[in-house]
Amino acid sequence: MKLEAVDYTAENAKQLFVESLRNTGFGVLKNHPIQQKLVQSIYDNWYQFFNSEEKTDFLFNVETQDGLFPTEVSETAKGHTKKDIKEYFHYYPWGQCPSALKQEIQQYYQEANELATELLSWVEEYSPNDISDKYSQPLSSMIDGSEKTLLRVLHYPPLKGDEELGAIRAGAHEDINLLTILPAANEPGLQVLAKDGCWIDVPCDFGNLIINIGDMLQEASSGYFPSTTHRVINPEGADKTKSRISLPLFLHPKPEIVLSEKYTADSYLMERLRELGVI
């Protein structure tokens, strides 16, 4: 089984994209509106930030979860005992950010949100009636004006060889949110778990955009759109000396949005953050 990139400009792009999401939990888009030049510039500038002393001035706020999360407080994926080998910065328009990096990252945040709104409308359009009837409101309107949508700038540092046995860059996990939008990273390593139990490499051609379903969309669609397990494996050979920068945008509904009879967006998020040990 292989994940194929869907051409955003193709006539049947909506249908092919939603079919891929439904079958694998992932969709890959090429020829999409987000400029590679902008993504590359963000990678370069934030690489410098993560390798500077300045980063310690932006340690995260526990209450609001914005700012730098250093490697020593990195997440441990649900069901795992080893911390992921990574550090990351949580960007929200209202949160802290180095002033020199603010304009560029805000531009990306805005453009990715606009595309994400469109992709959510595709998902809704190709949801069967009995599934779309379960949505408490149109999917794209769930994120309209949301201050919870999170842009995470991830830095997977070069591996030195003294890592804890069994630790990898990102343990197998599912995302919490509705959809995750991710430009192909500057290094390979992202894999998705197929229905047959095999791990599939996600195409990392620079310029591709990778989209995956999160648990909230799975919850809102009563499982019709599956939240797929994925991981980032450690590189082999010479690639171990390279950093990996990644830029996932996690689409979160407004807190009061009803996902299902059991959860609002806020109650679901709080439950998961407690499980991850970050609150």
Side-chain angles (χ1 to χ4, degrees), residues 34 36-62 64-77 80 82-92 95-109 112 149-164 167-173 175-177 180-191 202 204 206-210 212 230-250 276-278:
I34 292 176
Q36 276 179 243
K37 189 170 62 176
L38 176 61
V39 173
Q40 185 61 59
S41 181
I42 290 170
Y43 285 170
D44 294 344
N45 290 330
W46 282 83
Y47 173 76
Q48 299 295 333
F49 171 77
F50 282 116
N51 284 292
S52 73
E53 294 299 316
E54 181 196 8
K55 68 182 181 182
T56 55
D57 297 339
F58 294 92
L59 286 175
F60 71 100
N61 293 312
V62 176
T64 51
Q65 297 280 297
D66 60 312
L68 177 77
F69 291 72
T71 46
E72 56 269 22
V73 297
S74 180
E75 296 165 316
T76 302
H80 292 252
K82 314 284 186 193
K83 277 193 182 300
D84 292 342
I85 307 168
K86 65 188 182 189
E87 60 183 338
Y88 48 91
F89 193 100
H90 279 183
Y91 173 76
Y92 298 94
Q96 57 178 324
C97 180
S99 56
L101 300 175
K102 171 83 175 175
Q103 184 177 349
E104 184 178 64
I105 204 80
Q106 176 58 26
Q107 181 187 342
Y108 177 81
Y109 184 93
T149 288
L150 160 66
L151 181 58
R152 174 183 282 179
V153 190
L154 271 159
H155 176 228
Y156 301 102
L159 301 178
K160 300 172 186 166
D162 59 355
E163 287 75 28
E164 192 179 3
I168 65 172
R169 283 179 159 178
H173 66 284
D175 291 344
I176 301 171
N177 42 290
T180 301
I181 311 286
L182 176 72
N186 62 349
E187 295 295 328
L190 180 62
Q191 295 184 323
V202 175
C204 66
F206 190 62
N208 279 353
L209 202 62
I210 299 155
N212 66 274
H230 53 287
R231 67 183 183 182
V232 179
I233 58 170
N234 297 341
E236 296 294 329
D239 285 335
K240 289 182 179 175
T241 61
K242 294 181 182 176
S243 285
R244 186 174 188 273
I245 301 281
S246 184
L247 199 60
L249 181 79
F250 300 105
L276 284 168
V278 296

For this session: Decide yes or no for His173 and His230: does some side-chain heavy atom of the first lie under 4.5 Å from some side-chain heavy atom of the second?
Result: yes
Problem set entry | Which residues share a side-chain contact (heavy atoms from CB on, under 4.5 Å) with Asn51, sequence neighbours left out | Tyr47
Problem set entry | Approximate separation, where rounding is to 0.5 Å, of Asn212 CG and Thr180 OG1 | 4.5 Å
Seminar exercise, completed: Across all chains, not counting sequence neighbours, the ring-ring contact (aromatic ring centres under 6.0 Å, His included) partners of Tyr91 are Tyr109
Problem set entry | With Phe250 via ring-ring contact (aromatic ring centres under 6.0 Å, His included) - residues at least two apart | none
Exercise. Considering only heavy atoms from C-beta outward, does the side chain of Val153 approach that of Tyr88 to under 4.5 Å?
Worked result: no
Exercise. Any idea how Tyr92 and His90 line up, ring-wise: parallel (<30°), tilted (30 to 60°), or perpendicular (>60°)?
Worked result: perpendicular
Exercise. Between the side chain of Gln65 and the main-chain N/O of Val62, is any donor-acceptor distance below 3.5 Å?
Worked result: yes
Exercise. Atom CZ in Phe89, atom SG in Cys97: separation rounded to 0.5 Å?
Worked result: 5.0 Å
Exercise. Between CD1 of Ile181 and CG of Leu209, what distance do you get to the nearest 0.5 Å?
Worked result: 6.0 Å
Exercise. Rounded to the nearest 0.5 Å, how far apart are CG of Leu247 and CG of Leu182?
Worked result: 7.5 Å
For this session: Kindly indicate whether the side chain of Tyr43, heavy atoms from C-beta on, has any atom under 4.5 Å from the side chain of Pro183.
Result: yes
For this session: Evaluate the side-chain proximity of Leu150 to Leu249: yes if any heavy-atom separation is below 4.5 Å, no if none is.
Result: no
Seminar exercise, completed: residues 36-56 vs salt bridge (Lys or Arg N to Asp or Glu O under 4.0 Å), sequence neighbours excluded, gives Lys55-Glu87
For this session: Start with the C-alpha gap between Phe206 and Gln40, add the side-chain angles, then the distance that decides, and say whether side-chain contact (heavy atoms from CB on, under 4.5 Å) holds.
Result: CA-CA 9 Å; Phe206 190 62; Gln40 185 61 59; 3.5 Å; yes
For this session: Could I get the full list of side chain to side chain donor-acceptor pair (under 3.5 Å) partners for Asp66, not counting sequence neighbours?
Result: Asn61, Thr64
Exercise. Between atom NE2 of His155 and atom OG of Ser246, what is the distance when rounded to the nearest 0.5 Å?
Worked result: 11.5 Å
For this session: Side-chain contact test, heavy atoms from C-beta onward, threshold under 4.5 Å: evaluate it for Ile245 versus Val39 and give yes or no.
Result: no
For this session: Check side-chain contact (heavy atoms from CB on, under 4.5 Å) between Leu38 and all other residues, then give those that pass, not counting sequence neighbours.
Result: Gln35, Ile42, Glu104, Gln107, Tyr108, Glu111
Exercise. Leu154 and Phe50: which non-hydrogen atoms are nearest, and at how many Å?
Worked result: C-CE1, 4.4 Å
For this session: State the CG-CG distance between Leu59 and Leu68, to the nearest 0.5 angstrom.
Result: 5.5 Å
